[in-house]
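Here is the structure we will look at, set down as structure tokens.
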Amino acid sequence: MKNRYIVIEGLEGSGKTTAVKTVVNTLLKIGITEIDFTREPGSTPLAEKLRHLIKYGITKEKITYKAELLMFYAARIQLIENVIKPALLNGRWVIGDRHDLSSQAYQGGGRKISSKLMKILHDNILDGFKPDITLYLDIEPILCLQRIQNRIKLDRIEKESLEFFYLTRQRYLQLAAEDDKIITIDANKSLPEVKKNINQILLNLLMSQNE
Ligand code: T5A
């Protein structure tokens, strides 16, 4: 079976961490063991530094929405060129915790950055590179905020308003409806149900695309 780049997407608290483990277990069950993991922003030394800047900012300096967007893209292209593409070329499978769809949803939807700028960056920086499969964990924003509220320290984005998460989710749903490589999974359900769905959906997809 051809190796693939599989991405998990969704709002905070949608269960991406668990979903990554479920995807790995499903792959292992069918004999796929050469698996790498990435998270965005992050997973290269530069991208991890950018991750810290994005999440916690800089004292006394407001990070503009466009600067935030550019940092996500700087981190992403480092990751694609230095980690993801080489891994795929070596026949490894890559499981990504977030990718470009996060920028489209959070910055394009939540931050309302113009679709013109979003498209320019997407087209010129990614140059056609995209995941083979994206599993989007769809969750009601109110539930996602409930799930993360016990965290000791919330980052800049987690502190955003409910409206921000509504707009972000709306854009996720819109983009998922337009792209058959994005599969929407109901993450409002119980954890065992979500795991079962991921397992079934992934197996069906891989079997139907078997090469
Ligand atoms: N971002 C990122 C952008 O704005 N633009 C971009 O381009 C990119 C790449 C990243 C932040 O950056 C933003 C998005 C984020 O705000 P992060 O720390 O990586 O920051 O944040 P997240 O990726 O959102 O990670 P989280 O840990 O917050 O979310 P998870 O992994 O989805 O949540 P998880 O699995 O830890 O679950 C949270 C809790 O809910 C429970 C879990 O057990 C856990 O306690 N839970 C469930 N409970 C009941 N039923 C279920 N179905 C459950 N699923 C999970």
Side-chain angles (χ1 to χ4, degrees), residues 7-24 37-44 46-57 63-80 83-84 95-113 117-118 121-122 125-126 129-131 134-162 164-169 171-172 175 184-199:
V7 169
I8 316 293
E9 284 279 357
L11 295 178
E12 14 281 284
S14 56
K16 291 185 304 304
T17 311
T18 318
V20 167
K21 289 184 199 148
T22 309
V23 169
V24 172
F37 304 94
T38 60
R39 68 167 179 183
E40 291 199 32
S43 298
T44 84
L46 174 58
E48 286 293 328
K49 286 201 186 303
L50 289 167
R51 176 183 178 87
H52 195 269
L53 279 173
I54 292 167
K55 280 173 77 84
Y56 302 107
I63 297 183
T64 64
Y65 290 170
K66 286 182 182 167
E68 180 188 77
L69 176 66
L70 293 173
M71 285 196 278
F72 278 121
Y73 270 100
R76 181 161 304 130
I77 197 60
Q78 287 297 112
L79 177 64
I80 292 173
V83 177
I84 302 177
I95 317 293
D97 182 342
R98 299 191 179 280
H99 187 60
D100 191 61
L101 191 60
S102 285
S103 293
Q104 302 305 323
Y106 281 80
Q107 281 65 51
R111 300 279 196 232
K112 300 182 186 163
I113 290 183
L117 177 56
M118 295 304 301
L121 287 174
H122 171 90
I125 296 186
L126 304 187
F129 180 82
K130 59 189 266 199
T134 298
L135 301 177
Y136 162 57
L137 303 177
D138 181 52
I139 183 177
E140 285 286 342
I142 192 82
L143 189 53
C144 100
L145 293 185
Q146 278 165 11
R147 285 190 193 162
I148 64 171
Q149 73 187 358
N150 293 332
R151 290 184 183 170
I152 298 162
K153 193 177 172 194
L154 292 179
D155 66 33
R156 285 176 51 252
I157 296 173
E158 287 164 344
K159 285 181 194 154
E160 280 294 340
S161 65
L162 190 56
F164 170 85
F165 290 105
Y166 271 109
L167 290 170
T168 303
R169 181 196 188 202
R171 187 60 60 91
Y172 262 131
L175 294 167
T184 301
I185 291 169
D186 185 353
N188 300 294
K189 294 190 170 160
S190 72
L191 213 43
E193 278 178 287
V194 175
K195 279 190 199 172
K196 195 172 147 212
N197 286 343
I198 292 174
N199 181 46

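Start at 1 and go down the list; that is how both ligands and their atoms are numbered.
In this structure, ligand 1 sits under 4.0 Å from heavy atoms belonging to L11, E12, G13, S14, G15, K16, T17, T18, E40, P41, R51, K55, F72, R76, R98, S102, S103, Y106, Q107, R147, R151, I157, E158, A187, K189, S190, L191, V194.
Residues satisfying the ring pair (Phe, Tyr, Trp, His ring centres under 6.0 Å) test with Y136, not counting sequence neighbours, are Y172. Remark: Y65 pairs with no residue by the ring pair (Phe, Tyr, Trp, His ring centres under 6.0 Å) rule, at least two apart or across chains.
Taking the side chain as every heavy atom from C-beta outward, I125 and R76 never approach each other to under 4.5 Å.
Side-chain contact annotation: S102 with E40, donor-acceptor N/O pair under 3.5 Å absent. Between the side chains of N197 and E193, no donor N or O sits under 3.5 Å from an acceptor N or O.
Applying the side-chain hydrogen bond (donor to acceptor under 3.5 Å, both in side chains) definition to pairs two or more places apart or across chains, those involving residues 145-155 are K55-D155, R151-E158.
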